[in-house]
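These figures come from a predicted structure and were not determined experimentally. Order of the sequence lines fixes the chain letters, A, B, ..., with proteins taken first and strands second; residue numbering starts at 1 for each chain.
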Amino acid sequence: MARLDPEEYAELVLVCVEQVPRGRVTTYGAIAEAVGAVLGGGGPRQVGSVMSAYGGPVPWWRVVRADGSPPDCHDGEAHQHHLEEGTPLRPSGKVDLARALWRPTPDVVRGGRGDDRLG
DNA sequence: AATATGACTGTCT
DNA sequence: AAGACAGCCATAT
């Protein structure tokens with residue numbers, strides 16, 4: 001069997017992004033670790049790939065690079081959202097990861113799917 | 001099987 | 001701080 005199911009992987013990645021609190025951000029690597037802890041595989045590239053394909057309906061601007069820079073396909077748009085949400089920004093224009101970084105937990109990933117099992 | 005590509009990351013210059 | 005390079009993981013051809 002395939003180690004990674006694209007649907008499952010995408011699902012969990014999107015869940016992680018949705019769990020990111022307002023005014024906070026997370027990184028591709030952090031999501032890759034949380035999802036990888038559940039499905040056992042994948043990396044930052046896979047997270048980015050999923051975001052490109054299914055990241056439309058989720059707050060993608062809360063997902064930034066390891067250095068706090070916004071994704072390479074957007075820029076001003078992410079900045080606008082950060083200003084609106086009060087995300088800690090550095091003078092350089094990047095996100096202040098020291099204050100804004102939020103790490104997704106595997107527990108959230110495990111229980112964050114569309115089907116709730118015991119309420 | 002090999003090559004090319006990607007919303008990445010870390011290191012060196 | 002910014003650019004060049006290599007490494008990594010999965011998918012598409």
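No contact: A/S49 has no heavy atom under 4.0 Å from any strand.
Contacts of A/P6 classified as side chain to side chain contact (heavy atoms under 4.5 Å, CB included), with partners at least two apart in sequence or in another chain: none. Taking A/R22 as the reference, nothing meets the salt bridge (charged side-chain N to carboxylate O under 4.0 Å, His left out) condition, with sequence neighbours excluded. Residues passing the side chain to side chain donor-acceptor pair (under 3.5 Å) test with A/T105, sequence neighbours excluded: none.
One atom, OH of A/Y9, and another, P of C/dT11, lie 10 Å apart when rounded to the nearest Å. Separating the CD atom of A/E8 from the P atom of C/dT11 is a distance of 14 Å, rounded to the nearest angstrom. Following rounding to the nearest Å, A/Y54 (OH) and C/dT11 (P) show an atom-to-atom distance of 11 Å. Atom CD in A/E77 sits roughly 16 Å away from atom P in B/dA7 (whole-Å rounding). Distance CD (A/Q46) to P (C/dA12): 11 Å, rounded to an integer number of Å.
Formation of a donor-acceptor pair under 3.5 Å by the A/D67 side chain with backbone atoms of A/S69 is found in this model.
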Show the distances under 3.5 angstrom between N or O atoms of the protein and N or O atoms of nucleotides 8-13 of chain B.
{"from": "B/dC8", "atom 1": "OP1", "to": "A/R65", "atom 2": "NE", "distance (Å)": "3.2"}
{"from": "B/dC8", "atom 1": "OP1", "to": "A/R65", "atom 2": "NH2", "distance (Å)": "3.0"}
{"from": "B/dC8", "atom 1": "N3", "to": "A/R45", "atom 2": "NH1", "distance (Å)": "2.8"}
{"from": "B/dC8", "atom 1": "N4", "to": "A/R45", "atom 2": "NH1", "distance (Å)": "2.6"}
{"from": "B/dT9", "atom 1": "OP1", "to": "A/G29", "atom 2": "N", "distance (Å)": "3.4"}
{"from": "B/dT9", "atom 1": "OP1", "to": "A/A66", "atom 2": "N", "distance (Å)": "3.4"}
{"from": "B/dT9", "atom 1": "OP2", "to": "A/A66", "atom 2": "N", "distance (Å)": "2.9"}

Distance-only check: which donor-acceptor pairs under 3.5 Å involve side-chain atoms of residues 51-62 of chain A, not counting sequence neighbours?
{"from": "A/W61", "atom 1": "NE1", "to": "A/E85", "atom 2": "OE2", "distance (Å)": "3.0"}
{"from": "A/R62", "atom 1": "NE", "to": "A/E85", "atom 2": "OE1", "distance (Å)": "3.2"}
{"from": "A/R62", "atom 1": "NE", "to": "A/E85", "atom 2": "OE2", "distance (Å)": "3.3"}
{"from": "A/R62", "atom 1": "NH1", "to": "A/V20", "atom 2": "O", "distance (Å)": "3.0"}
{"from": "A/R62", "atom 1": "NH2", "to": "A/E85", "atom 2": "OE2", "distance (Å)": "2.8"}

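Applying the salt bridge (charged side-chain N to carboxylate O under 4.0 Å, His left out) test to residues at least two apart or on different chains, none of the pairs has a partner in residues 48-59 of chain A.
Comparing B/dC12 with C/dC8, their P atoms are spaced 15 Å from each other, to the whole Å.
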